[in-house]
Amino acid sequence: MPTPPTPPEQLFMGAVFAGMGLATMLFPATVSRLSFPRNFLALQQPSSTQSAQTAVKTKQPLQPERSPPPPPPPPSLSAPFVLAIRCFGAQASLCGLLILAAPPFSRRTYAAFGLAMAPFFAFDAWAWAAGALTPLGALGDAAGNAVFAACCWIGFRRYGNN
């Protein structure tokens with residue numbers, strides 16, 4: 001007996017999951033700079049305190065009052081941080097690919113997946129309020145979560161009481 005076609009909401013959900021995960025896995029520095037505040041990323045530099053102390057000790061000349069100092073270069077990311085970001089992206093990609101390869105979801109699967117998304121909305125709100133995510137990072141993740149939740153709602157409603 002042939003497998004029924006995968007519903008469009010399941011395909012869209014899998015594609016968004018896999019796409020966001022692949023972007024995070026392949027471009028961790030870009031995703032990090034868009035998602036995390038500068039002060040959070042600066043914590044990844046073990047020598048940032050030393051370079052500031054060196055500048056004070058050498059009494060580097062101050063910039064003239066009329067011209068603002070140039071912005072500091074973006075912090076470089078530590079290897080463990082990049083590895084963690086890439087692992088996060090790999091897990092999301094794996095989830096998306098599994099959604100795409102799975103047989104059509106049942107009403108129960110959509111309900112379980114949709115309910116499992118609720119803590120992610122709470123995390124995004126908390127992380128943004130705590131200053132751990134930029135507004136773009138929090139809204140971008142929340143938008144992805146909203147897509148997943150909407151797809152689950154559509155799939156759940158499609159199957160009615162079956």
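Index from 1, following the sequence.
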Find the distance between [atom1] ([X]) and [atom2] ([Y]) and round it off to the nearest 0.5 Å.
X: Gln91; Y: Arg86; atom1: CD; atom2: CZ; result: 15.0 Å
X: Leu115; Y: Phe156; atom1: CG; atom2: CZ; result: 8.5 Å
X: Asp141; Y: Trp128; atom1: CG; atom2: CH2; result: 14.5 Å
X: Ile99; Y: Cys151; atom1: CD1; atom2: SG; result: 9.0 Å
X: Phe36; Y: Leu133; atom1: CZ; atom2: CG; result: 6.0 Å
X: Ser106; Y: Tyr159; atom1: OG; atom2: OH; result: 8.0 Å

Indicate yes or no: at least one non-hydrogen side-chain atom of [X] is less than 4.5 angstrom from one of [Y].
X: Met13; Y: Phe105; result: yes
X: Tyr110; Y: Glu9; result: yes
X: Asn145; Y: Asp124; result: yes

Can [Y] be reached from [X] by stepping across I, L, V, M, F, W or Y side chains whose heavy atoms are under 4.5 Å apart?
X: Met117; Y: Leu139; value: no
X: Leu77; Y: Val31; value: no
X: Met20; Y: Leu100; value: no
X: Met25; Y: Leu83; value: no
X: Ile85; Y: Leu136; value: no

Which heavy atom of [X] sits nearest to which heavy atom of [Y], and what is that distance?
X: Gln10; Y: Pro103; value: NE2-O, 3.3 Å
X: Ser32; Y: Phe81; value: OG-CE2, 3.5 Å
X: Phe17; Y: Gly96; value: CB-CA, 3.5 Å
X: Ser93; Y: Ala18; value: OG-O, 3.7 Å
X: Gly131; Y: Pro37; value: O-CG, 3.0 Å

Worksheet item: Backbone N or O of Pro104 within a donor-acceptor pair of the Thr6 side chain at under 3.5 Å?
Response: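 Such a contact is absent between Thr6 side chain and Pro104 backbone.
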Worksheet item: Using links of under 4.5 Å between side-chain heavy atoms of ILVMFWY residues, direct or through other members, which residues join Phe88 in one cluster?
Response: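 None, because no other hydrophobic side chain comes under 4.5 Å of this residue.
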Worksheet item: For Thr30, which residues count as a side-chain hydrogen bond (donor to acceptor under 3.5 Å, both in side chains) partner, sequence neighbours excluded?
Response: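 Partners of Thr30 by the side-chain hydrogen bond (donor to acceptor under 3.5 Å, both in side chains) criterion come out as none, since no residue qualifies.
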Fill in: Between Phe148 and Phe113, ring centroids under 6.0 Å
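Between Phe148 and Phe113, the centre distance exceeds or equals 6.0 Å.
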